[in-house]
Protein chains: 2
Amino acid sequence: MSEPSAEAADRSGRPPTLTERTIEAVREGIRNGTLVPGELYSVYRLADELGVSRSPVRDALLRLAETGMVAFERNRGFRVVLPGARELTEIIAVRLALEVPAAQRAAVRATAADRAALQNEYEAMQVSVTAGDETAFMMHDQRFHGLLLELAGNAHVTRIIENLRDATRLVGTSTIRTSRSLEDVYQEHLPILDAIQQGSPSTAGAAMRRHLESTGRLLLQEAARKSDTNLKSNALWNDLVGHPPVGE
Amino acid sequence: MSEPSAEAADRSGRPPTLTERTIEAVREGIRNGTLVPGELYSVYRLADELGVSRSPVRDALLRLAETGMVAFERNRGFRVVLPGARELTEIIAVRLALEVPAAQRAAVRATAADRAALQNEYEAMQVSVTAGDETAFMMHDQRFHGLLLELAGNAHVTRIIENLRDATRLVGTSTIRTSRSLEDVYQEHLPILDAIQQGSPSTAGAAMRRHLESTGRLLLQEAARKSDTNLKSNALWNDLVGHPPVGE
DNA sequence: TCGCCATGAGTAACATGTTACTCCAAGTAT
DNA sequence: ATACTTGGAGTAACATGTTACTCATGGCGA
């Protein structure tokens, strides 16, 4: 009764290719700990674990390598890359530069249906928080940001941010619980939602900025905890994220 | 006497792979008109034109497809994609969001050597203008922006912009001459350079903004000229690039 | 015990084989 | 002439074969 390919067709009309399914499989493997960052793997092994040939697996990994999620080592294998403090900071800087204006535009462009959809995701986040289901929470968080970006109307921005989120996901996952701040992250979304419901771009932008900065600091803390890359993080942050000097 | 692979080793120590060389070959083919946008090509033909097997060619094209330069059509072939007004506008919006802050940071961080390097590229642009060598001009223009981005210290930003430039290159090339504005584009770089020499971030940011907006409008004009996508460009521009509303 | 070198297992990169699909164009019925 | 079928050429996606490389391991001499 159950279909062989789970969430198959998207809505693009075509069934997904093996390459695409492999990409999802690798992402899932990273999420649930099957693929450990730093460990050395090979296309051969992964291919017959997934029951497909090496070609689509290789294609999938090459695409993921493009975004920095994995790295190939010639004649050795490939590794899942755990982003360091430097990379995380860079990513936060990009997200600030793109998502803050996106939130502003979204506040102006949102239709009633859009607002309702955002509200839905926000409430789903609420449910996930009380249920303590971090996986579900991350999913709704992603959808919230995704919806907001689509609203802003720039498909390039959406794609870029989606890729960056991929690279950071494995830092945030199963670690936020540690600092019991799932609730905090959830609450930071409320001012964003409110500002968009009220159509106030500057407020929405400011709220998004606060949210991203706070999330960024959390991720950096987490990254510092697991690797010994002890904390010159503050210098990095000021250097790459710190607000551009306004005066001279 | 002449090496088989021209500008081989980069400086990464390793010789470039066939895939990488193919990527460069495709880019070059697009630049010099061997590969016509819109036309249907196949991996088979391209592979034996380049004298390699289908694998590296396919890998190369998949990577280029990731950035939107080419598009595959299942069982049909692939096309070089000419970006439309929509895509161009989106790209300009991203560049504004990322390169303006980058210019600000660069103004603060630049060392004497950095300033000299920028000056060099600027003067090389000058030479290209008087020589009427558009290809060389584009190259130095790219290097100028590339140096500036590296200065800003965010490798992700550098990579993103580099990819976007790729997608737009085939619109700008051999068309700027039409509006005889090579000189204008050159002159717009002076205020940027000056501001960085003087270490003034806000001035550098403003100059960069003016430059990108002006370049963007030129590209849009050009795109509108060759495709019949007649000009609702202005609405697009205001929608995606227009400064975010400052007040409420 | 310690350093050196041969050897072989395992791999990414590259090459070639196979399959199921799309489309065009030439035929055939109407 | 026009619509409708049909065959075949050409293709991306997927599978498998080959090569040249990296590195761990174990023997061998000091």
*Roughly, in whole Å, what's the span from CZ in B/F78 to P in C/dT22?*
20 Å

*asked:* Looking only at the side chains, is there a donor atom on one of A/H156 and B/E87 sitting less than 3.5 Å from an acceptor on the other?
replied: yes

*Report the nucleotide, chosen from D/dA15, C/dT22, C/dA13, that has the shortest atom-to-atom distance to any side-chain atom of A/P56.*
D/dA15

*asked:* Quick test of your reading of the model: are B/R31 and B/E24 salt-bridged, counting only N-O distances below 4.0 Å?
replied: yes

*Whole angstrom value for the distance that separates P of C/dA13 from CG of A/L61*: 10 Å

*asked:* Heavy atoms only, 4.0 Å cut-off, all strands: where does A/T17 land among base, sugar-phosphate and nothing?
replied: sugar-phosphate

_Pi-cation contact, A/Y44 with A/R54 (under 6.0 Å, within 45°)_ = yes

*asked:* For C/dA13, does the base pair up with any side-chain atom of B/S55 as donor and acceptor (N or O, under 3.5 Å, distance only)?
replied: no

_Distance test, side-chain N/O of B/R74 to OP1/OP2 of D/dT11, below 4.0 Å_ = no

*Check: B/L212 main-chain N/O paired with B/R95 side-chain donor or acceptor under 3.5 Å*: no

_Spacing of B/E73 atom CD relative to C/dA20 atom C1', expressed in whole Å_ = 18 Å

*Looking at the side chain of A/N75, which of C/dT11, C/dC14, D/dA13 is the nearest nucleotide?*
C/dT11

*With B/D166, which of B/R159, B/R27, B/R63 fulfils salt bridge (charged side-chain N to carboxylate O under 4.0 Å, His left out)?*
B/R27

*Report yes if at least one side-chain N or O of A/R58 is closer than 4.0 Å to OP1 or OP2 of C/dA13; otherwise report no.*
yes

*asked:* Nearest to the side chain of B/Y44, heavy atoms from C-beta on, is which of C/dA12, D/dA15, C/dT18?
replied: C/dT18

*Is A/S42 touching bases, backbone alone, or none of the nucleic acid, heavy atoms closer than 4.0 Å?*
sugar-phosphate

*Which nucleotide in the set D/dC21, C/dT16, D/dT16 lies at the smallest distance from any side-chain heavy atom of A/R54?*
D/dT16

*Interatomic distance, B/L46 CG vs D/dG10 P [rounded to whole Å]*: 17 Å

*Would you kindly compare A/D59 and B/R76 by the position of their nearest DNA chain D nucleotide and give the one closer to the 5′ end?*
B/R76

*Within the modelled atom types, does a donor on one side and an acceptor on the other bring the side chain of B/R45 and the base of D/dG10 under 3.5 Å apart?*
no

